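First the proteins, then the strands, lettered A, B, ... as listed; each starts at 1. No experiment lies behind these values; they were computed from the predicted model shown.
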There are 2 protein chains.
Amino acid sequence: MISDKTAAAPPGASDLQRLADALAPVGDGGLRERKKRARRELLIDATHRLVDAHGLDAVTVEAICAEAGVSTRTFFNYFETKDDAVLGHVPWPVESDAARTFAAGGPSGHLLADLQVLIGAVLGEPPVGRDRFTRAFELAAREPRLLARHIAWFEQHKGQVVALVRERLGADPDRDPEVVASLAMFLTHATFLRWDAAGGAGEGADHLAHVVAELRALVAE
Amino acid sequence: MISDKTAAAPPGASDLQRLADALAPVGDGGLRERKKRARRELLIDATHRLVDAHGLDAVTVEAICAEAGVSTRTFFNYFETKDDAVLGHVPWPVESDAARTFAAGGPSGHLLADLQVLIGAVLGEPPVGRDRFTRAFELAAREPRLLARHIAWFEQHKGQVVALVRERLGADPDRDPEVVASLAMFLTHATFLRWDAAGGAGEGADHLAHVVAELRALVAE
DNA sequence: CACTGCAATTGCAGTGTGTGCAATCTTGCA
DNA sequence: TGCAAGATTGCACACACTGCAATTGCAGTG
């Protein structure tokens, strides 16, 4: 157990419960929801702490669970893979007003420009804290195995982009939705690279703008 | 053992040896080299056969080794992972005359056009048989786990491209080698997608040309 | 507050991947 | 033929991950 019993906690109030309560303002559901989220955070934090201390390969799932005070079986109810916990992967919903605007052909009517707007919007609302996100990105850059999983997680979202592009383009034979979606992935990926190289500073949309500008220059040249 | 003892084989001539002998014209090394390559092929073939018959998850390394007549321990001397055997991964050397030309600033002087030439050249000399390559790609398209590994293997080569781009560009502050290399990866990836969608028909360079044209249209629009 | 439906946690036993090590066999070479 | 280097193998083992059945905890109802 990790709990520091400094203040006399009310009986029955576990670490988990306190954490869940602390999340109350954010949580929109009942106690059940909050606890679930809290435990997820707890596990990811424990994982990061141990990996920082001992390195990825020296950390076992068992150790993580001991640190978090949870059974190993429960761990695998939260994450498919040990690596997923390390990366703190959470689905990143592409749906939004921006997505609907894009699918409808807006806002400008120029495919590339609108793609840039869409990606910028998605980049603006990450599903997890920015610090944790960049942390995951750094780890992935170092460990090839994690990179594979990171890319896979990333690639999972391509399907949503393909759907949006397809909706926008209809049956245009000159545009392959797969290729357009791949381009979107490239833009996002390159943006992340620059973002990471900048130490996580600045806004995603700005880095994205730079990448798009570079692409335009490359093609125009 | 799987060997069919139909014809009376000369004593001492195992399946492996015969296979190694068959590879003799291709092999440049001694018997040792040929046997090693032969065994590699043997294992990949066995893996493909079993995966085709029973599906990826139903095939164990043990079964593969039984089929190939090799100990499981040996299997892992050849491949880091079961998935690597399924995909038949082999490093794809980017170095070539085309690579040196590109690094030197040729052949046309236009970065994107020359990138296209470079990728086309690399695509023209795959390190393994084309049939096996497309087979691997199909498998990867179906199984998300394999896709991850495939992309990771793919991404491993980015370093070489970055080096080439850096050599070509020198210290141009307006061009980020990472971004250019990512673009190259995107072009290659999209080419593979089209190639696969076409059932493996046609030349890689042609599909690539189509992708580049689409990119130009997108940017110009 | 007692009661009940349902979700989450847990223990346990088992499968399969992948590794280190030492013994054994094969190949290349003198 | 005999020796040194390389490859294969068996064995023991750590670890990731899964299915199942039992238990615990939350939420809503009367």
Side-chain angles (χ1 to χ4, degrees), chain A residues 11-17 19-21 23-24 27-43 47 50-51 54-66 68-87 143-146 148-149, chain B residues 1 11-17 19-21 23-24 27-40 42-43 47 50-51 54-66 68-87 145-146 148-149:
Chain A
S14 66
D15 287 353
L16 180 58
Q17 195 126 40
L19 186 48
D21 292 343
L23 256 58
D28 34 15
L31 177 58
R32 221 165 198 150
E33 290 296 317
R34 268 176 292 148
K35 264 199 176 176
K36 190 154 189 164
R37 206 165 349 198
R39 199 156 252 179
R40 214 188 176 82
E41 299 296 306
L42 205 67
L43 280 168
T47 305
L50 289 179
V51 168
H54 308 115
L56 177 61
D57 288 329
V59 175
T60 69
V61 173
E62 209 172 345
I64 296 171
C65 295
V70 164
S71 83
T72 61
R73 194 60 187 78
T74 300
F75 179 95
F76 287 106
N77 288 339
Y78 279 87
F79 304 99
E80 284 191 5
T81 307
K82 182 179 116 179
D83 296 344
D84 282 343
V86 176
L87 294 172
E143 290 281 345
R145 201 180 76 217
L146 290 183
R149 219 168 185 91
Chain B
M1 273 296 178
S14 66
D15 288 354
L16 180 60
Q17 195 126 42
L19 186 50
D21 291 344
L23 257 57
D28 33 14
L31 177 58
R32 220 162 204 153
E33 290 295 318
R34 269 178 290 148
K35 264 200 177 178
K36 190 152 189 164
R37 207 167 345 200
R39 199 156 252 180
R40 209 187 178 82
L42 205 68
L43 281 168
T47 306
L50 290 179
V51 168
H54 309 115
L56 177 62
D57 288 330
V59 175
T60 69
V61 173
E62 210 171 342
I64 296 170
C65 295
V70 164
S71 83
T72 62
R73 193 60 190 80
T74 299
F75 179 94
F76 288 107
N77 288 340
Y78 279 86
F79 304 99
E80 284 192 5
T81 306
K82 182 178 115 180
D83 296 345
D84 282 343
V86 176
L87 293 172
R145 201 180 75 217
L146 291 183
R149 221 173 183 87

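In this structure, Tyr78(B) reaches the sugar-phosphate backbone alone: every heavy-atom distance under 4.0 Å involves primed, P, OP1 or OP2 atoms, never a base. Backbone-only contact: Thr81(B) has heavy atoms under 4.0 Å from sugar-phosphate atoms and none from a base.
Two residues, Val61(A) and Thr72(B), neighbour DNA chain D, and the one matched to the more 5' nucleotide by heavy-atom proximity is Thr72(B).
Candidate nucleotides dA8(C), dT19(C), dT10(C) were compared by shortest atom distance to the side chain of Ser71(A), and dT10(C) ranks first. For Phe76(B), whose side chain is taken as the heavy atoms from C-beta onward, the closest listed nucleotide among dT9(C), dT8(D), dT17(C) is dT17(C). For Val70(A), counting side-chain heavy atoms from C-beta on, the closest listed nucleotide (dA8(C), dT17(C), dT10(C)) is dT10(C).
A cation-pi arrangement is not found for Arg39(B) relative to Phe75(B), the charged atom failing to lie both closer than 6.0 Å to the ring centre and inside a 45° cone about the ring normal.
Distance, Lys36(B) NZ to dC25(C) C1': 16 Å, rounded to whole Å. Going from atom CZ of Arg32(A) over to atom P of dG5(C) covers 14 Å, rounded to whole Å. As rounded to whole Å, 15 Å separates atom P of dA7(D) from atom CZ of Arg34(B). Residue Arg39(A) contributes atom CZ, which lies 17 Å from atom P of dA7(C) at whole-angstrom precision. Between the CG atom of Leu42(A) and the P atom of dA8(C) there is a distance of 17 Å, given to the nearest Å. Residue Arg37(B) contributes atom CZ, which lies 18 Å from atom P of dG6(D) at whole-angstrom precision. Nucleotide dT17(C) holds its P atom 13 Å from the CZ atom of Arg149(B), rounded to whole Å. Remark: P of dG16(C) and CZ of Phe79(B) are 20 Å apart, rounded to the nearest angstrom.
Arg149(A) approaches Asp83(A) most closely through the heavy-atom pair CD-CB, 3.5 Å.
For Thr74(A) (side chain) and Val70(A) (main-chain N/O), no donor-acceptor pair under 3.5 Å exists by modelled atom type. No donor-acceptor pair under 3.5 Å is formed between the side chain of Thr81(B) and the backbone N or O of Asp84(B).
Regarding contacts with the backbone of dT8(D), every side-chain N or O of Thr74(B) stays at 4.0 angstrom or more from both OP1 and OP2. Distances shown here put every side-chain N or O of Lys35(B) at or beyond 4.0 Å from the OP1 or OP2 atom of dT26(C). Put simply, Lys82(B) has no side-chain N or O that comes within less than 4.0 Å of OP1 or OP2 on dG16(C). Between Arg73(B) and the phosphate of dG20(C), there is no side-chain N or O to OP1/OP2 separation shorter than 4.0 Å.
Of all nucleotides present, only dG2(D) satisfies the Watson-Crick or G-U wobble test against dC29(C), with each distance under 3.5 Å. Across the strands present, dG30(D) finds its partner in dC1(C); the criterion is a Watson-Crick or G-U wobble pair with both atom distances under 3.5 angstrom.
Between Asp57(B) and Lys82(B), no side-chain nitrogen of the basic residue sits less than 4.0 Å from a carboxylate oxygen of the acidic one, so the salt-bridge criterion is not met.
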